[in-house]
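What follows is a single structure, written as structure tokens, with notes after it.
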Amino acid sequence: MSQKYPVISVVGSSGAGTSTVKHTFEQIFRREGVNAAMIEGDAFHRFNRMEMKAEVERRNNAGDHTFSHFSLDANLLSELENSFRAFSETGRGRTRNYVHDTDEAQKYGVPPGHFTEWRDIGEDCDLLFYEGLHGAVATDAVNVAQYADMKIGVVPVINLEWIQKIHRDRATRGYTTEAVQDVILRRMYSYAHEITPQFTQTDINFQRVPVVDTSNPFVARWIPTADESLVVIRFRNPRGIDFAYLTSMLHDSWMSRANSIVIPGNKLDLAMQLILTPMIERIVERARRARKL
Ligand SMILES: Nc1ncnc2c1ncn2[C@@H]1O[C@H](COP(=O)(O)OP(=O)(O)OP(=O)(O)O)[C@@H](O)[C@H]1O
Ligand SMILES: O=C(CO)[C@H](O)[C@H](O)COP(=O)(O)O
């Protein structure tokens, strides 16, 4: 945790919606005049696409059928921890980008399935913003979570998460439903062991729940819309959260537990703004004051 150089970490599985939530944060940063250095979690994959394919095959042949991008050792998590630590201590860090598709290839000048070069980030920035798979990992060997001042979980219920992933990977990454299904299955072990434990570390979880039938996610023709869903928002520490204000501002919302509210899906963006803006203001103000001392 850093007084001078705060870190915000948004964590979710593949297809959960972390990139979508990043846009909401970007709107808040723009409106509040906050300069953020950005890290995409995929930048810290250990292997490029071809190398990953070869490594998965090597592990399969050795009898390990669980190795995937979700596995801790498929990622450079010590480097990620170092980058968080460096930023929290000095306001500087390091990242690169993993290029998924042709659009990103044009943007970065690197072919799909490869990484850009590493680069320094952080100059003149108020905070570091991370979005990806492992931003709240805490094990005996690696502890990324300890450097994040605000940790947010983006966790649709699993059928919805799969539908979101299948549709996105088919539409923009050129995969078939069967190929995405295989990836989902291979990642299941690490999903349970590496991804879900992070959601007990996170300060706030946003869990989208469809109210339409998603019982066979592999044949769903479209992603349930905002109007076809609710969102459960759970605060790890509800002290200081003004639930009466939130439920009065968010029409048709209610408290489902002492630390949770439920909102209509189409209020997610507004809810994030109402909840996150004052929190971001607070950590940025505190950091600016600390840097002046
Ligand atoms: N709240 C939402 N309502 C409707 N669709 C959503 C919502 N959040 C995400 N989606 C859709 O789900 C798909 C996956 O979202 P997104 O790309 O943000 O996931 P991600 O977590 O960043 O995935 P990855 O880490 O694999 O890149 C996209 O098609 C996106 O439009
Ligand atoms: O899911 C991911 C992270 O959220 C991976 O980045 C993504 O699947 C990359 O793999 P590939 O390039 O083989 O599609």
Side-chain angles (χ1 to χ4, degrees), residues 9-26 38-57 67-71 74-76 80 96-105 110-115 129-135 152-176 179-184 186-187 190-191 194-195 198 206-212 214 217 220 222-233 263-272:
S9 186
V10 174
V11 184
S13 171
S14 180
T18 54
S19 310
T20 309
V21 165
K22 180 180 170 188
H23 294 139
T24 305
F25 271 90
E26 283 170 341
M38 298 283 182
I39 289 185
E40 290 172 8
D42 299 357
F44 287 79
H45 286 333
R46 187 178 296 278
F47 303 111
N48 71 26
R49 188 175 292 160
M50 294 307 289
E51 292 166 348
M52 186 64 184
K53 240 179 130 177
E55 184 65 14
V56 167
E57 199 167 319
F67 187 72
S68 76
H69 278 124
F70 288 7
S71 311
N75 296 277
L76 303 171
L80 180 62
R96 59 181 177 178
N97 291 87
Y98 178 80
V99 175
H100 293 92
D101 51 35
T102 46
D103 283 353
E104 290 180 358
V110 171
H114 289 265
F115 297 99
F129 179 87
Y130 166 96
E131 163 269 302
L133 296 168
H134 296 110
I152 306 292
V154 182
V155 200
V157 293
I158 199 158
N159 276 17
L160 177 56
E161 188 169 287
W162 290 351
I163 293 172
Q164 291 187 176
K165 177 163 179 64
I166 291 164
H167 280 254
R168 196 273 319 273
D169 282 3
R170 274 197 329 218
T172 66
R173 298 186 181 172
Y175 291 114
T176 62
V180 186
Q181 191 171 351
D182 283 349
V183 169
I184 288 171
R186 195 174 60 242
R187 291 175 167 186
S190 296
Y191 185 85
E194 326 295 6
I195 302 296
Q198 296 180 83
F206 292 90
Q207 182 160 57
R208 200 157 85 92
V209 182
V211 290
V212 291
T214 56
W222 58 79
I223 299 174
T225 63
D227 284 328
E228 294 171 331
S229 58
L230 300 171
V231 180
V232 178
I233 305 173
I263 61 164
N266 58 19
K267 295 282 190 322
L268 177 58
D269 202 62
L270 176 61
M272 285 190 158

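Atoms within each ligand, like the ligands themselves, are counted from 1 in listed order. Here the structure is a predicted model, which is why all the values come from computation and not from measurement.
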* Can you say whether the rings of Y98 and H45 are parallel (under 30°), tilted (30 to 60°) or perpendicular (over 60°)? -> perpendicular
* **Which segment of S13 sits under 4.0 Å of ligand 1 when only heavy atoms are counted** =>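 Backbone only.
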* Does ligand 1 have a heavy atom under 4.0 Å from the side chain of T18, from its backbone, from both, or from neither? -> both
* Residue R173 vicinity, atoms of ligand 1 by number, heavy atom under 4.0 Å ->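 Numbered from 1, ligand 1 contributes 26 (O), 27 (O).
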* Looking only at atom types and distance, does a side-chain atom of S229 sit under 3.5 Å from a main-chain N or O of T225, one as donor and one as acceptor? -> yes
* Between R96 and A43, is there a donor-acceptor pair closer than 3.5 Å when you use the side chain of the first and the backbone of the second? ->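 Yes; judged by distance alone, with no hydrogens or angles, the pair exists.
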* To do: Could you check D169, D42, T172 and say which one makes a side-chain hydrogen bond (donor to acceptor under 3.5 Å, both in side chains) with H100?
  =>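 Per the side-chain hydrogen bond (donor to acceptor under 3.5 Å, both in side chains) rule, the option paired with H100 is D42, out of D169, D42, T172.
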* Asked: By side-chain contact (heavy atoms from CB on, under 4.5 Å), which residues pair with N266, not counting sequence neighbours?
  ->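 Once residues adjacent in sequence are excluded, the partners of N266 under the side-chain contact (heavy atoms from CB on, under 4.5 Å) criterion are A226, D227, P264.
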* What residues, two or more places apart in sequence or in another chain, satisfy side-chain contact (heavy atoms from CB on, under 4.5 Å) together with D269? -> T24, Q273
Which residue supplies the protein heavy atom nearest to [atom], what is that atom called, and how far is it?
atom: atom 18 (O) of ligand 1; value: T20 OG1, 2.6 Å
atom: atom 17 (O) of ligand 1; value: R168 NH1, 3.2 Å
atom: atom 6 (C) of ligand 1; value: Q164 OE1, 3.7 Å
atom: atom 14 (C) of ligand 1; value: G15 O, 3.6 Å
atom: atom 5 (N) of ligand 1; value: R208 NH2, 3.6 Å

Heavy atom to [atom], shortest distance: which of [options] holds it?
atom: atom 21 (O) of ligand 1; options: G12, G17, S229, A171; value: G17
atom: atom 22 (O) of ligand 1; options: S19, P210, P224; value: S19
atom: atom 11 (C) of ligand 1; options: D269, I223, D227; value: I223

With no hydrogens and no angle check, do the side chains of [X] and [Y] hold a donor and an acceptor under 3.5 Å apart?
X: R186; Y: S68; result: no
X: H69; Y: N75; result: no
X: R49; Y: H114; result: no

* To do: Applying side chain to side chain contact (heavy atoms under 4.5 Å, CB included), run through V209 and L160 and close with a yes or a no.
  => CA-CA 7 Å; V209 182; L160 177 56; over 6 Å; no
* Partners passing salt bridge (charged side-chain N to carboxylate O under 4.0 Å, His left out) against E40 (at least two apart in sequence or in another chain) -> K22
Exercise answer, ligand 2 polar atom pairs (N/O) under 3.5 angstrom:
unit_1: ligand 2; atom_1: 1 (O); unit_2: S14; atom_2: OG; d: 3.0
unit_1: ligand 2; atom_1: 1 (O); unit_2: R187; atom_2: NH1; d: 3.3
unit_1: ligand 2; atom_1: 1 (O); unit_2: R187; atom_2: NH2; d: 3.2
unit_1: ligand 2; atom_1: 6 (O); unit_2: D42; atom_2: OD2; d: 3.1
unit_1: ligand 2; atom_1: 6 (O); unit_2: H45; atom_2: NE2; d: 2.8
unit_1: ligand 2; atom_1: 6 (O); unit_2: H100; atom_2: NE2; d: 3.4
unit_1: ligand 2; atom_1: 8 (O); unit_2: R187; atom_2: NH2; d: 3.2
unit_1: ligand 2; atom_1: 12 (O); unit_2: R49; atom_2: NE; d: 2.8
unit_1: ligand 2; atom_1: 12 (O); unit_2: R49; atom_2: NH2; d: 2.9
unit_1: ligand 2; atom_1: 12 (O); unit_2: Y98; atom_2: OH; d: 2.4
unit_1: ligand 2; atom_1: 13 (O); unit_2: Y175; atom_2: OH; d: 3.3
unit_1: ligand 2; atom_1: 14 (O); unit_2: Y175; atom_2: OH; d: 2.6

* Report yes or no: does a heavy atom of A226 sit under 4.0 Å from some atom of ligand 1? => no
* Ring centroid separation F25 to H23 under 6.0 Å ->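 Centroid distance F25-H23: not below 6.0 Å, so no.
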* **Contact check: L268 vs ligand 1, nitrogen or oxygen atoms, below 3.5 angstrom** =>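 N/O-N/O distance under 3.5 Å: no.
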